[in-house]
Amino acid sequence: MVHPSSLPADAAAGLSVACVALPLNVALATAAGLPASVGLVSGVVAGIVGGLLSGSRYQVTGPEAALLPLAAAIVAAHGAAGLVIATVLAGAMQVVLGLVRAGRFARLIPRPVVMGFTVGIGLLLLNTQLPRLFAVEDTHTNAVALVTDRTWGGHVGWLGVAAGALTALAMVTLPRLHKRIPAVLVGLTLGTVLMITLGAGYDAVGALPRSLPMPTLPSFESVNFAELLPWAVGLALLASLGSLLATSSLDTLTGARTHSDLDQDLIAQGLANMAAGLIGGFPVMGAIVRASASIQAGARTRAASVLHAVWLFVAMALLASLVARIPIAALTAILLVVGVRLLNLEGLVAMWNQSKSTLSVVLVTALGIAVFNVFAGIGAGLALASLLYVRRHGALRLEVQRVTDASQLQRGLHVQAPELPNSPEGLDLVVARVDGPILFINHIKLYELAEGPPWAKLVVVDLSRVSLVDAAGVATLQYLAEFLAVRSAHLALVKVPPHLEAALEPISQHLLEGRMHGSLEGALLGAGLLPPAPLEEPVVHPAHAPAPAPATTSAAHA
């Protein structure tokens, strides 16, 4: 809820966030090959829609660095019109995801994968923005080509590099003097003054509109819809994932007692993307950097997010002539600083000292994003995290004992003496206790029960400590039953927990029929190694004894 008493604090926080968002919105739009006005307009419209409808109290919606690589690829393949259509379609998909309550699944993503996501985006920014800072030829599409090709030295715009370096230096050093200093704006101003003073004809933002354009439906005439649809799906998934991760992180950052409504947040981000697309804008998502800045500046309600968009509109309407003169090199420096911060080098070093396996998940995710794409990186990170989890929590321990006489059976297996035959001739069984889940990664260990010859007459498997059996584990048990049956041996499963009965049901009606017992004694009886208990005559209480038959008449007369 918005309270009048909190409006001054929210207005101040909104202004602080707008100082960060304005140059970032412009930088992202120009980096994607779009006019700078697209970034500003998107920040205004999406900030208002997302702020009003978000399921989070502090979330700030706008263009984000994580969306830049995919947005730039769509513009390169399908033009600006293709990005407009993809943004609208992605927004509609996000609304559907919110309506089907898909937001809850974001909390299942492991934290190392989330960290790898941000590190990967940082690598992408560094790789794509370094050539723009040095103003080299278009053939140098990324930083790798910039380093490997040594013929670019004469084409560098060194004045632009100096302006970018001055901007980056201000961003890094000024917050150490005072956190409230708008370091981004100060750095941008210094870089712009340097270019205006010493440069001529430099690459700048250019003319900006002083009002918002009217919403228009996108045209499909010049766009191949079939080829564009996969890009739209990818954009929807990326924007949804990034927003949900940012919202979850905000809950942790603020220590909120109640979690944000992730499904409502998906709907809000989808409507914000649809609104941005209808005015020809850049795709948007919940931005953790801006939301964090808003919280640090004293935001109390969602009004701070809406007011940040209002401040952006004021700047666009009143300061368009000044924004138009900002050099592209200074904007690129802002993105490079953001990229370095996303790498979180201190966190990576700390993780190296604490858990190298966790660090491997982060690096696999990040490198997959940087080398291939976002979805390949996240998929690889999730796969590795799952394998490490199974390895850590899915260890299978197997205790095996071979029993050949009654004394061993009594001493090691706690079977009462009266239940054993007096002279168990040829007693030969293997008793195994399984501890842990039986999964595809460890099921081969059960093959130890089939070692021979000679093979025991009975193999008893205690499943009381088994937490889970997957398809591979079920197949292994089925194989053991078949293998031992061919060799005149018997497999028995004892103490099967109720939660495993459903997993074993496909084979329990066939090969395991009659092989599942509640105890070791039952398994021995089923295999014929114990005689059946003798039937006892019923004991009748004297009070219930039948009365003696009355004497006959002839006997009475006698």
Side-chain angles (χ1 to χ4, degrees), residues 7-32 34-52 60-65 163 167 170-171 174-175 180-193 195-196 203-214 272 275-276 279-282 284 287 289-294 296-299 302-335 337-338:
L7 282 179
D10 288 332
L15 178 60
S16 179
V17 176
C19 293
V20 177
L22 188 149
L24 190 58
N25 292 350
V26 173
L28 291 171
T30 56
L34 299 170
S37 59
V38 170
L40 286 176
V41 168
S42 300
V44 173
V45 175
I48 293 176
V49 175
L52 291 174
V60 180
T61 302
E64 180 68 350
T167 302
M171 290 180 62
L174 290 180
R180 293 298 180 89
I181 297 177
V184 177
L185 284 182
V186 173
L188 204 59
T189 301
L190 295 175
T192 302
V193 170
M195 291 295 291
I196 293 175
D203 192 8
V205 169
L208 295 175
R210 295 181 179 271
S211 62
L212 296 177
M214 293 296 295
I279 60 172
F282 193 89
V284 298
V289 175
R290 304 180 200 197
S292 300
S294 178
Q296 293 172 6
R302 65 181 67 248
S305 177
V306 177
L307 290 174
H308 117 273
V310 174
W311 287 119
L312 286 178
F313 176 75
V314 171
M316 185 178 69
L318 302 180
L319 305 175
S321 59
L322 296 178
V323 176
R325 306 184 69 178
I326 295 176
I328 296 297
L331 295 175
T332 303
I334 295 174
L335 293 179
V337 173
V338 172

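Scope of the values below: all heavy atoms of this structure, side chains included, with no hydrogens, waters or symmetry mates.
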If you compare all heavy atoms of [X] against all heavy atoms of [Y], which two are closest, and at what distance to 0.1 Å?
X: Asn25; Y: Pro63; value: OD1-CD, 3.5 Å
X: Gly191; Y: Pro327; value: O-CG, 4.1 Å
X: Leu190; Y: Ala170; value: CD1-CB, 4.4 Å
X: Thr192; Y: Ile326; value: OG1-CA, 3.8 Å
X: Leu188; Y: Thr167; value: N-CG2, 3.9 Å
X: Met195; Y: Ala163; value: CG-CB, 3.5 Å

query = Could you give the distance from CG (Leu312) to CG (Leu15), rounded to the nearest 0.5 Å?
reply =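 With rounding to 0.5 Å, CG (Leu312) is 10.0 Å from CG (Leu15).
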request  = Would you give the length of the straight line joining atom CG of Leu24 to atom CD of Glu64, rounded to the nearest 0.5 angstrom?
outcome  =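 If I round to the nearest 0.5 Å, the distance is 7.0 Å.
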message = side-chain contact (heavy atoms from CB on, under 4.5 Å), that's the test. Do Leu40 and Leu22 meet it? Break it down for me.
response = CA-CA 7 Å; Leu40 286 176; Leu22 188 149; 3.9 Å; yes
Show the atom names and distances, to 0.1 Å, of all donor-acceptor pairs under 3.5 Å that link a side chain in residues 42-50 to residues at least two apart or in another chain.
from	atom 1	to	atom 2	distance (Å)
Ser42	OG	Val38	O	2.7
Ser42	OG	Phe282	N	2.5
Ser42	OG	Phe282	O	3.4

message = For the backbone of Arg290 and the side chain of Ser294, can you confirm whether one donor and one acceptor N or O come within less than 3.5 Å of each other?
response =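 Not a single qualifying donor-acceptor pair exists.
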